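Submitted below is the structure of interest, expressed as structure tokens.
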Amino acid sequence: MAPNKPDLVSRDYTIHLAKRTHKTTFKSKTPKAIKVIRDFAEKAMKTKDVRLDPKVNKEVWKQGVRNPPKRIRVRLSRKRNEDEDAEEKLYTLVQLVEVASFKGLQTETVDSA
């Protein structure tokens, strides 16, 4: 892989939200889950600018404020920022990946063709 071209990449991750929101007050479980997804994307893709797709937000909030899903499968895509006066050249887009079961899933690099 060329050292100057790995900046635009997409990967599928499974985020275990239950262990990250454990011992959290009921009314702040789902807001914390959203923050955890943002922090996970920031660390995995090494960008400060993280944008959540509305489908991810809907999926996390589907069961209410007290019961976020145990796990969520997301696609993290590092993209180029079109805004010229932006502080960061790249941003991360978090999209939902629908799966029937989380059994046996691993991190996968997705071709953005």
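Predicted, not measured: the structure shown is a model, and the values here were computed from it.
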If you measure from the Lys or Arg side-chain nitrogens to the Asp or Glu carboxylate oxygens, is any gap between Arg80 and Asp7 under 4.0 Å?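 Result for this pair is yes, salt bridge flagged.
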
Should Arg20 and Phe40 count as side-chain neighbours, where that means a heavy-atom distance under 4.5 Å?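 When only atoms from C-beta onward are counted, Phe40 and Arg20 do touch, with a gap below 4.5 Å.
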
Check which hydrophobic residues are tied to Val99 through side-chain heavy-atom contacts below 4.5 Å, counting indirect links as well, and list them.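 Via sub-4.5 Å side-chain contacts, Val99 links to Val97, Phe102, Leu105.
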
Measure across Pro69 and Val60 and return the closest heavy-atom pair with its distance rounded to 0.1 Å.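 Looks like CD-O, 3.6 Å.
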
Is any side-chain heavy atom of Ile15 closer than 4.5 Å to a side-chain heavy atom of Arg71?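 Sidechains of Arg71 and Ile15: no contact.
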
Between Val65 and Lys29, is any pair of side-chain heavy atoms under 4.5 Å apart?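 No. Closest side-chain heavy atoms not under 4.5 Å.
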
So, does Lys27 use its side chain to make a donor-acceptor pair with the main chain of Arg66 at under 3.5 Å?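 Side chain of Lys27 to backbone of Arg66, a donor-acceptor pair under 3.5 Å: no, none is there.
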
So Pro68 and Gln63, do their side chains get closer than 4.5 Å, heavy atoms only?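 Gln63 does not reach Pro68 side chain to side chain.
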
Taking only residues two or more places apart in sequence, or in another chain, which ones meet Thr25 in a side chain to side chain contact (heavy atoms under 4.5 Å, CB included)?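 Thr25 satisfies side chain to side chain contact (heavy atoms under 4.5 Å, CB included) with Ser28 only.
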
Atom pair OG1/NZ of Thr14 and Lys103 - distance to nearest 0.5 Å: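 Spacing of OG1 (Thr14) from NZ (Lys103) equals 12.0 Å.
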
Assess the side chains of Thr107 and Arg11: does a donor N or O sit below 3.5 Å from an acceptor N or O?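 Looking only at side-chain atoms, Arg11 and Thr107 do not form any donor-acceptor pair under 3.5 Å.
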
Contact check, side chains of Val94 and Arg75, non-hydrogen atoms, under 4.5 Å: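 Heavy-atom side-chain distance check fails, nothing below 4.5 Å.
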
Should Lys70 and Leu17 count as side-chain neighbours, where that means a heavy-atom distance under 4.5 Å?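 Lys70 vs Leu17: side chains apart.
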
Geometric cation-pi criterion Arg51 and Tyr91, 6.0 Å radius, 45° cone: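 Positive - Arg51 is close enough to the ring of Tyr91 and near enough to its axis.
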
Enumerate the ring-ring contact (aromatic ring centres under 6.0 Å, His included) contacts for residues 44-87, please, sequence neighbours excluded, ordered by first and then second residue.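 Qualifying pairs: none.
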
Could you tell me which non-hydrogen atom of Gly64 sits nearest to which non-hydrogen atom of Thr30, and how far apart they are?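 What the structure gives for the nearest pair is O-OG1, 2.8 Å.
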
If you round to the nearest 0.5 Å, how far is CD of Glu88 from OG1 of Thr47?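 So the gap between those two atoms works out to 6.5 Å.
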
Do Asp49 and Leu90 have side chains that approach each other closer than 4.5 Å (heavy atoms only, starting at C-beta)?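 They are not in side-chain contact.
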
With a 4.5 Å cut-off on side-chain heavy atoms, are Val50 and Leu93 touching?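 When only atoms from C-beta onward are counted, Val50 and Leu93 do not touch, as no gap falls below 4.5 Å.
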
How long is the gap from OG on Ser10 to CZ on Arg78, to the nearest 0.5 Å?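 The distance works out to 9.5 Å.
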
